[in-house]
2 protein chains.
Amino acid sequence: MSIRPDDPRAPAQPADPRSRIQVVALQLFTEQGYERTSLREIAERLGVTKAALYHHFRSKDEIVDNYLDDRLSDLDKLIAWARQQPVDTPGRRAIVAGYADRFFTTGLPLAVRFLEQNQTAATHLTTAQRMRDQLAQLAGLLARGDESPGAELRAGLALFAIYHGWSAPQTSRITDEERKRLALVVAYELVDRIGPDPAGED
Amino acid sequence: MSIRPDDPRAPAQPADPRSRIQVVALQLFTEQGYERTSLREIAERLGVTKAALYHHFRSKDEIVDNYLDDRLSDLDKLIAWARQQPVDTPGRRAIVAGYADRFFTTGLPLAVRFLEQNQTAATHLTTAQRMRDQLAQLAGLLARGDESPGAELRAGLALFAIYHGWSAPQTSRITDEERKRLALVVAYELVDRIGPDPAGED
DNA sequence: GTCTATACAAGGATAGAC
DNA sequence: GTCTATCCTTGTATAGAC
């Protein structure tokens, strides 16, 4: 319900005002929803007024658009790298692992979580759509070498598992490191059934 | 972008005005988002005015709240039945299959898709929260007999696979029946790794 | 049961002083 | 870079006639 600034998963607050605004805004958008969060609310939490925000960003959209833009290049690099991986089981595992690594070492979680929580709002933000496309591309790379429709589904679920393993409410006591590893294990199981000899198809 | 009234996945338009309003509203909420869809827009599509809607429902919330309420009892029955299933692999498969069956033969898809697309809005609707709880309960039943955290994750993903397999944009030509069967296959793979002797844990 | 008209609140965005 | 004050639009919801 609250922002939980002590949440270890929250990114460290950066110094420059633009980034501070973006992080606070994205957090609120993720918790309460993009349209349910007003600029007044964001400004309040930062201890400033609405007008101050408009000095840094031209619109509400631009706050998130701009943030996602940076993540796009993160993902671009990952996709380019994934394209070089061999089209076999080890290659697919490498791609999933690479995604998980980036996921946990960049600003991606905040962005991906925003996308998941605000799927409809994302429809109206061009940058958000581009990011969804990129994730679909990545899934496509995972499904290479297997033309069956099951490959697509498993690839998409594998990527979702990384997100979900990290983001789902934890009922069991487990460290973040364990959660990450666990999500990866399950993602492996899924992509391991992709291939020219699809074991999962009966 | 449009409502696609010819979409075979869309439920048949019922005759009574209350249900007609609800179906149209839920469709729009799912496509555009709950808060981005105004009552004027819903009324327009139905060929009436805003005030007419208020004759049938006391508020915007009530339109969806009321619809989800009916789905709650559908799920309640399913959960009660699932609780009777044996705690083993065939039992878990039966639960997943039962969920898939209900999913495709009741008003659940519209409700679940609304939930997925409007996760943040759902936070503010008590009925939506109850429904999320129910889905979590069902996942919990799937994870019975396996205390490892992986069981939870796999159970959640299995249920998500049913939804995702049906709802994801289809790039390959495949019949709805095939999609349903495929999603079930993948869901089976996931729940098959749940158990007192967890094969998926290394 | 549906309409017209309207009250009322809230949000995004801008102007202009400091 | 931040403030106060304000404009304008849109949305939910209601009143009351037909």
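Lettering follows sequence order; numbering is per chain, from 1. Bear in mind the structure is a predicted one, so any value in this text is a computation, not a measurement.
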Novice: Please report, rounded to the nearest Å, how far the C1' atom of dT12(D) is from the NE2 atom of H124(B).
Specialist: 16 Å
Novice: Can you name the residues that form a ring pair (Phe, Tyr, Trp, His ring centres under 6.0 Å) with F57(B), not counting sequence neighbours?
Specialist: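 Counting only residues at least two positions away or on another chain, F57(B) forms no ring pair (Phe, Tyr, Trp, His ring centres under 6.0 Å).
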Novice: Could you state the CD-C1' distance from E44(B) to dC3(C), rounded to the nearest angstrom?
Specialist: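 In whole Å, dC3(C) C1' lies 15 Å from E44(B) CD.
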Novice: Using C1' atoms of five pairs at each end, report the bend of the helix from dG1(C)-dC18(D) to dC18(C)-dG1(D) rounded to 10 degrees.
Specialist: 0°
Novice: Applying side-chain hydrogen bond (donor to acceptor under 3.5 Å, both in side chains), which residue pairs with at least one partner in residues 68-82 of chain A are found, sequence neighbours left out?
Specialist: R71(A)-D74(A), D76(A)-Q134(A)
Novice: Could you tell me which residues satisfy side chain to side chain donor-acceptor pair (under 3.5 Å) with E35(B), sequence neighbours excluded, listed by chain and number?
Specialist: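 E35(B): side chain to side chain donor-acceptor pair (under 3.5 Å) contacts with R36(A).
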Novice: Tell me the interatomic distance from L46(B), atom CG, to dC3(C), atom C1', rounded to whole angstroms.
Specialist: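 Roughly 16 Å, once rounded to whole Å.
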Novice: Between H55(B) (NE2) and dA15(D) (C1'), how many Å, whole number?
Specialist: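 Value for this atom pair: 15 Å.
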Novice: Classify every nucleotide of nucleotides 4-18 of chain C by which part a protein heavy atom approaches to under 4.0 Å, writing B for the base, S for the sugar-phosphate alone and - for neither, in 5'-to-3' order.
Specialist: B------SBBBB---
Novice: Please name all residues satisfying salt bridge (Lys or Arg N to Asp or Glu O under 4.0 Å) with R132(A), sequence neighbours left out, ordered by chain then number.
Specialist: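 If we apply the salt bridge (Lys or Arg N to Asp or Glu O under 4.0 Å) test to R132(A), skipping adjacent residues, there are no hits.
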Novice: Can you tell me how far apart CG (L135(A)) and CG (D133(A)) are? Round to the nearest 0.5 Å.
Specialist: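 Interatomic distance, L135(A) CG to D133(A) CG, rounded to 0.5 Å: 9.0 Å.
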Novice: Any salt bridge (Lys or Arg N to Asp or Glu O under 4.0 Å) pairs touching residues 49-63 of chain A, not counting sequence neighbours?
Specialist: R58(A)-E62(A)
Novice: Identify all side-chain donor-acceptor contacts of residues 157-164 of chain B below 3.5 Å with residues at least two apart in sequence or on another chain.
Specialist:
residue: Y163(B); atom: OH; partner: S167(B); partner atom: OG; Å: 3.4

Novice: Using the test side chain to side chain donor-acceptor pair (under 3.5 Å), find all partners of Q137(A) that sit at least two apart in sequence or belong to another chain.
Specialist: none
Novice: Is the phosphate of dT2(D) approached by H56(A) (side-chain N or O, under 4.0 Å from OP1 or OP2)?
Specialist: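 Looking at the OP1 and OP2 atoms of dT2(D), one of them is under 4.0 Å from a side-chain N or O of H56(A).
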